[in-house]
Amino acid sequence: QLQLVESGGGLVQPGGSLRLSCVTSGFTMEDYIIGWFRQAPGKEREGISCLNIGGTYRNYADFVMGRFTISKDVAKKAVYLEMNSLNPEDTAIYYCAAIPSRYGLPYCLTPRMWNVWGQGTQVTVSS
């Protein structure tokens with residue numbers, strides 16, 4: 001059974017940093033793209049970044065503006081999202097998701113095309 005578990009969220013002050021983790025199980029990571037998404041209250045879920053685990057492709061949403069970095073540790077079956085220079089507009093529930101790499105690349109930042117999701121982790125940026 002494919003499973004994704006996020007962790008690392010919390011309360012951080014504006015300008016601060018967080019590192020989110022997504023630990024996977026039940027599938028071969030190298031056959032998938034792992035993505036990070038977020039959903040703020042009253043807003044639609046939006047794509048942040050994706051990483052082709054078996055290749056080199058990665059992409060970021062425009063709003064990231066160099067503040068976030070996606071990375072992987074295949075031995076630990078994990079994907080990370082390092083977030084810096086956080087601001088209150090980054091407050092949201094953050095999710096990781098998986099999509100097979102054989103067809104998923106065009107949908108890197110399109111949440112509705114992804115079919116395996118974690119439960120989410122809350123990130124709150126506030127002073």
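- The ring pair (Phe, Tyr, Trp, His ring centres under 6.0 Å) test applied to Phe37 returns Trp114, Trp117, not counting sequence neighbours.
- By the neighbour-count criterion of 12 heavy atoms within 6.0 Å, atom CZ of Phe27 is densely surrounded, having more than that number from other residues, nucleotides or ligands.
- Rounded to the nearest 0.5 angstrom, Glu30 CD and Ser101 OG are separated by 10.0 Å.
- Closest of all the heavy-atom pairs between Leu109 and Ser49 is CD2-N, 3.7 Å.
- By the 6.0 Å and 45° rule, Arg45 stacks over the aromatic ring of Tyr95.
- Rounding to the nearest 0.5 Å places CD1 of Ile48 at 10.5 Å from SG of Cys96.
- Closest approach of Pro111 to Gly47, counting heavy atoms only: CG-N, 4.1 Å.
- Taking the side-chain contact (heavy atoms from CB on, under 4.5 Å) definition, one finds that Val12 meets it with Leu18, Leu86, Val125, sequence neighbours left out.
- Once rounded to the nearest 0.5 Å, the distance linking CH2 of Trp36 with CG of Leu81 reads 6.0 Å.
- When all heavy atoms are compared, the tightest approach of Ala40 to Thr91 is CB-O, 3.6 Å.
- Under the 4.5 Å side-chain contact rule for hydrophobic residues, Tyr94 and Leu11 do not share a cluster.
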From CA spacing to verdict: side-chain contact (heavy atoms from CB on, under 4.5 Å), Gln119, Val5: CA-CA 7 Å; Gln119 82 289 348; Val5 179; 4.2 Å; yes
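- Taking every heavy atom of both residues into account, Gly104 and Ile99 meet most closely at CA-CD1, 3.8 Å.
- In this structure, Met65 is not a member of the same hydrophobic cluster as Met83, with clusters built from ILVMFWY side-chain heavy atoms closer than 4.5 Å.
- Side-chain contact between Ile70 and Glu82 is absent, with no heavy atoms from C-beta onward closer than 4.5 Å.
- Side-chain contact of Tyr80 with Arg19: a donor-acceptor pair under 3.5 Å is absent, judged by distance alone.
- Here OG of Ser25 is found 8.0 Å from CG of Leu2. Values are rounded to the nearest 0.5 Å.
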Please evaluate residues Val74 and Ile53 with respect to the criterion side-chain contact (heavy atoms from CB on, under 4.5 Å), reporting the C-alpha separation (whole Å), side-chain torsions for both, the decisive distance (0.1 Å), and the verdict. CA-CA 8 Å; Val74 176; Ile53 304 302; 4.0 Å; yes
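- When the side chains of ILVMFWY residues are joined at heavy-atom separations under 4.5 Å, either directly or via intervening members, Val64 and Val79 end up in a single hydrophobic cluster.
- Taking each heavy atom of Lys72 and Gly55 in turn, the nearest pair found is NZ-O, 3.7 Å.
- With Arg38 as the partner, the salt bridge (charged side-chain N to carboxylate O under 4.0 Å, His left out) test is satisfied by one option alone out of Glu46, Glu44, Glu6: Glu46.
- A salt bridge does not link Asp31 with Arg102: every distance from a Lys NZ or Arg NE/NH1/NH2 to an Asp or Glu carboxylate oxygen is 4.0 Å or more.
- Considering only heavy atoms from C-beta on, Leu4 comes within 4.5 Å of Val116 through its side chain.
- Note that CG of Asp90 is 11.0 Å distant from OG1 of Thr124, once rounded to the nearest 0.5 Å.
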Just do the side-chain contact (heavy atoms from CB on, under 4.5 Å) check on Leu51 and Tyr57 with the steps written out, would you? CA-CA 6 Å; Leu51 175 63; Tyr57 178 84; over 6 Å; no
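- Counting only distance, with no hydrogens or angles, the side chain of Thr24 and the backbone of Lys77 share a donor-acceptor pair below 3.5 Å.
- The shortest heavy-atom contact between Ile33 and Cys50 is CG2-CB, 3.8 Å.
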Thr121 vs Leu20, side-chain contact (heavy atoms from CB on, under 4.5 Å): CA-CA, chis, key distance, verdict: CA-CA 8 Å; Thr121 185; Leu20 305 183; 4.1 Å; yes
